Amino acid sequence: MNHDQMTTGKTPFGFTSNLQAPALETNGLVALPESEDVGSGNAPVPERLVTLHGTLLALVRRDGRDLTARQLTAFMTVYLDNQVHTVSSMAELLNISRPGVTRLLDRLAEYDLVERQEDRNDRRRVLIRRTVRGTAFLRELEEIARTAPALVHA
């Protein structure tokens, strides 16, 4: 493929890409020339991506345990959705197995960010509940996200 050809397809993360391919390609991987400044294309980087980057950067830099993307997504789902989630509903939403959700929830419960509770009406169902510590962490995330763009631009 020469560098004038367009590359359209799925990226490793499943997003559709319509990027101008750079000059180098090895084993299906595209390498940017050293002089290429990533993010300096024709369009500016959307502010919400800058906010996401800054938020993740702040989370990684702070003291304490890091959450994986799945753990953070599950945590945010529990705290931002107005419905009560179960292991099954979380598995369906995240498109992962119930045992995978159970492992994910084990870690979040270990950090006291969520708790599991048996459904009184159906003992087979496990409800995922918020905790005081999780609510405090959500407030911390809100503050981090509010100041995140400044962190990236610093």
Side-chain angles (χ1 to χ4, degrees), residues 6-21 25-32 38-41 43-154:
M6 292 291 281
T7 304
T8 303
K10 295 282 186 179
T11 68
F13 301 105
F15 300 108
T16 302
S17 174
N18 291 325
L19 300 175
Q20 186 72 27
E25 180 176 334
T26 307
N27 296 332
L29 300 175
V30 178
L32 293 173
V38 176
S40 67
V45 176
E47 189 64 25
R48 64 182 171 251
L49 288 180
V50 173
T51 299
L52 177 61
H53 178 232
T55 302
L56 294 173
L57 186 60
L59 286 173
V60 169
R61 286 181 175 173
R62 72 185 177 89
D63 288 335
R65 298 179 175 139
D66 291 335
L67 297 180
T68 66
R70 284 184 179 189
Q71 291 166 350
L72 188 58
T73 301
F75 169 81
M76 300 285 292
T77 300
V78 169
Y79 283 82
L80 299 180
D81 283 359
N82 288 327
Q83 70 184 50
V84 175
H85 284 279
T86 64
V87 170
S88 295
S89 71
M90 190 67 70
E92 185 177 333
L93 179 71
L94 298 177
N95 196 30
I96 59 177
S97 69
R98 284 187 300 217
V101 168
T102 298
R103 286 188 300 274
L104 186 153
L105 293 174
D106 285 344
R107 186 55 50 110
L108 292 177
E110 179 184 317
Y111 299 157
D112 194 27
L113 298 176
V114 301
E115 65 182 13
R116 285 178 285 212
Q117 182 180 58
E118 186 179 278
D119 187 341
R120 291 183 199 143
N121 299 324
D122 183 350
R123 292 180 37 199
R124 296 171 296 175
R125 288 176 25 129
V126 176
L127 307 176
I128 306 166
R129 298 284 190 193
R130 299 171 182 163
T131 65
V132 172
R133 187 172 193 170
T135 301
F137 180 62
L138 182 65
R139 283 193 216 110
E140 183 182 347
L141 275 176
E142 289 173 325
E143 180 62 21
I144 289 170
R146 189 180 64 73
T147 60
L151 182 64
V152 173
H153 295 303

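Model, not experiment: these values are computed from the prediction.
Residues satisfying the salt bridge (Lys or Arg N to Asp or Glu O under 4.0 Å) criterion with R129, sequence neighbours excluded, are absent altogether. By the side chain to side chain donor-acceptor pair (under 3.5 Å) test, R124 is found to be paired with D122, residues two or more places apart in sequence or in another chain being considered. E92 meets the salt bridge (Lys or Arg N to Asp or Glu O under 4.0 Å) test with no other residue; sequence neighbours excluded.
Proximity of V126 to E118: side-chain heavy atoms (C-beta onward) are nowhere separated by under 4.5 Å. Looking at heavy atoms from C-beta onward, V50 lies in side-chain contact with E47 at the 4.5 angstrom threshold. V78 is not listed as a side-chain neighbour of V84, based on a closest heavy-atom distance of 4.5 Å or more. By the 4.5 Å heavy-atom criterion applied to side chains, L52 and R48 are not counted as neighbours.
Each ring pair (Phe, Tyr, Trp, His ring centres under 6.0 Å) pair with one or both residues in residues 85-127, not counting sequence neighbours, would appear here, but there are none. Judged as a ring pair (Phe, Tyr, Trp, His ring centres under 6.0 Å), the pairs with a partner in residues 117-144 (not counting sequence neighbours) are, in order, F75-F137.
Atom CZ of R70 is separated from atom OG1 of T73 by 9.5 Å, given to the nearest 0.5 angstrom. To the nearest 0.5 angstrom, I144 atom CD1 is 4.5 Å from L59 atom CG. Rounded to the nearest 0.5 angstrom, D66 CG and Q71 CD are separated by 9.5 Å. Here L138 contributes atom CG and L80 contributes atom CG; the two are 6.0 Å apart, rounded to the nearest 0.5 Å. Atom CD of Q83 is separated from atom OG1 of T77 by 9.5 Å, given to the nearest 0.5 angstrom. To the nearest 0.5 Å, the span separating CG on L141 from OH on Y79 amounts to 11.0 Å.
For CG of N95, the number of neighbouring non-hydrogen atoms (other residues, nucleotides, ligands) closer than 6.0 Å is 12 at most.
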> L72 and M76: side-chain contact (heavy atoms from CB on, under 4.5 Å), yes or no, with the steps?
Replying inline: CA-CA 6 Å; L72 188 58; M76 300 285 292; 4.3 Å; yes

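Heavy atoms only, all atoms of each residue included: A148 and G54 are closest at CB-C, 3.5 Å.
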Acceptor/donor pairs from residues 98-110 side chains to any protein atom, 3.5 angstrom cut, sequence neighbours excluded:
unit_1: T102; atom_1: OG1; unit_2: R98; atom_2: O; d: 3.0
unit_1: D106; atom_1: OD1; unit_2: R116; atom_2: NH1; d: 2.9
unit_1: D106; atom_1: OD1; unit_2: R116; atom_2: NH2; d: 2.5

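Look at R62 and E140 and you find a salt bridge, because one of the NZ, NE, NH1 or NH2 atoms lies within 4.0 Å of a carboxylate O, short of that distance.
A side-chain donor-acceptor contact under 3.5 Å links T131 to the backbone of D112.
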